[in-house]
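Proteins get letters first, then strands, A, B, ... in listed order; numbering begins at 1 in each.
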Amino acid sequence: MMCLRCDNGKIKIRRTGFNWICGVRKMCVALPGTVVKMEEDYAIVDFSGNTVKAFAGFCPVKVGSRVLVHAGCILQVVSQSQAEETEAILRDMEEMFSPIKPSSHAKEGVAAEPFGEKNGPAPFLQTGEKDGMLRTGGEAG
Amino acid sequence: MTILEVKDYLKSYQGPPVTFMEVCGSHTGAIAKFGIPTMLSEQISLLSGPGCPVCVTPSSYIDRLIELGREPGNVIVTFGDLMRVYGSTKSLSEVKGEGVAVEMVYSPLDTVPLAKKDPQKTFIFAAVGFETTTPVYAALVDTIVREGISNIRLLTAIKTMPAVISRLMERKAAIDGFIAPGHVSVVTGSAVYEPLAERFRIPFVTAGFAPEELLFAIYDLVRLAGRGIVKNDYPSVVTRDGNRAAQQLVEKYFETGDAIWRGMGEIPASGMVLKNEYAYLDMGSDKLREDRKKNPACICDLVLMGRKRPGECPLFGSACTPLHPQGACMVSGEGSCRSYYTYHRE
């Protein structure tokens, strides 16, 4: 099975909506993952079941560290809560970019209307206001 | 200050009109995704800047990659994002269909096992990106040098943020503050924006990618407008000094150089090039001066500089769509046009 976003067939891929994507290829977005094994200058980092080998020469990491990985390189060690938050955001963005969704700008297809007065607020505004702090979509409460 | 108060403040803001620019493709995507502009008063405008690496890479760079790929024994190694970006006539994706050897990898460091497996071929990595990616290229060069690998080369088009921000402001862009890029700042540190803030008397706020973080950053920018202050609203991962180990490895192999930006021409000291002693690894990056549009009507250049919005392009959404991109900004998920198109950002 090939990744539909980047034609990558070498990394494990997973289903997102109607598309199969690898979920780890981003040019400029550092993704959070968990170090599961150390191999000299490299670490094996797990991303929700996908593992990659990442260069670990720029940060002090150990097994269990939550890390930001960019293009196969660990750039920062982050806290568990920060990692989960970033993961949720990037998952949303991944769904945004992987299928080519038609918008009302397009001549073809059905219009995808933005959030606003007509369609109500964005999902993250619909939930999680109990404590005065908003949460990202699907993670309220 | 709670996020609800911030939201109310931004929606009801009636002060002087202000315009802020985000210079990170991932911020552009997140702002569109979460409908941030719809949560702001009409007095607050957001613009996308030159933050998408493949969008700012000139056409001659793609042309050179294709030329190199056509030479027998060469293999072009690249990130997936670059595949569909057009040079003056073709993209890597198109020429791959014509038999040119192109390998896509997750990391530049994946080039090493490829090169070791096939020592008869020369593997040329398409090294584009900003400060976030440069340390990975430095790690690749370090591996090449330490292990004496002779069949890996680089074609570089590495850019740096401060110089292009400086160029925008020197050209009198009507920008009252910048949402500073999140992960570029992980490497550089937030201090890199301090000279710019002071010189142009505008605020810089580093921000994460969550909607709350973006709203807080915009709130801070509104409050700090007119003042040369840098504020770090992403302290969980960004420090003032950045990742020193990464900076040191970059300094070992690269030095500051002039760079050509798509649609903006040459900007002095806005790129990183291999140092002289490692120039033998370069495949002619310094000769790439030309930048031609595939479609003359494309206004990617003006979009990148924040002078026009994607919707003002005559091709946007008709001749130019993610399936049939005419300009680089519609190709990458980090491109302004792609983001505006996908999420109907106005």
Side-chain angles (χ1 to χ4, degrees), chain A residues 3 5-8 10-11 22 24-30 41-42 52-55 57-59 68 70-73 75-76 78-79 81-82 85-86 88-90 92-93 96-98 100-101 103-108 111-117 121-122 124-125 129 132-136, chain B residues 2-4 7 24-26 29-30 32-35 38-39 51-54 79-81 83 104 106-110 128-130 132-133 135-136 139 181 183-184 186-187 208-212 236-237 243 245-246 249 311 316-318 321-323 332-334 338 340-345:
Chain A
C3 168
R5 186 173 61 197
C6 54
D7 301 333
N8 178 29
K10 293 176 184 168
I11 299 171
C22 64
V24 292
R25 184 193 305 280
K26 292 270 185 186
M27 265 210 69
C28 202
V29 180
D41 285 347
Y42 288 82
V52 296
K53 192 174 176 179
F55 181 68
F58 296 143
C59 299
L68 286 185
H70 171 69
C73 190
L75 290 180
Q76 183 67 287
V78 297
S79 68
S81 59
Q82 176 63 30
E85 194 177 313
T86 310
I89 296 303
L90 295 178
D92 283 349
M93 289 177 66
M96 163 187 172
F97 288 127
S98 53
I100 296 172
K101 294 177 185 171
S103 78
S104 57
H105 294 300
K107 298 285 187 282
E108 71 275 5
E113 294 297 334
F115 302 118
E117 286 178 16
F124 83 94
L125 287 180
E129 297 184 9
M133 290 296 289
L134 299 176
R135 303 277 185 249
T136 52
Chain B
T2 68
I3 187 67
L4 292 178
K7 193 163 72 77
C24 168
S26 303
K33 160 80 178 174
F34 298 116
T38 65
M39 300 176 208
C52 158
V54 304
F79 290 114
D81 307 52
M83 287 296 288
M104 277 180 296
Y106 162 58
S107 168
L109 294 162
D110 293 341
V128 305
F130 288 104
T132 331
T133 321
V136 197
H183 292 137
V184 162
V186 170
V187 175
F209 301 90
E212 305 96 313
S236 50
V237 294
N243 187 325
L249 197 64
F316 183 77
S318 52
T321 64
L323 279 176
S332 170
E334 300 190 341
R338 173 80 178 265
Y340 274 64
Y341 178 91
T342 308
Y343 268 88
H344 196 154
R345 180 173 166 186

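Residues B/Thr132 and A/His70 approach most closely at O-CD2, 3.3 Å, considering heavy atoms. Among all heavy-atom pairs drawn from B/Val186 and A/Leu75, the shortest one is CG1-O, 3.8 Å. Taking both residues in full, the closest heavy atoms of A/Ala71 and B/Pro108 are given as O-CD, 3.6 Å, listed atom of the first, atom of the second, then distance. Across B/Leu109 and A/Gly72, no two heavy atoms sit closer than the pair CD1-O, 3.9 Å. Heavy-atom minimum distance, A/Cys73 versus B/Val136: CB-CG2, 3.6 Å.
Using a 4.5 Å cut-off between heavy atoms, B/Pro135 touches chain A through backbone and side chain atoms alike.
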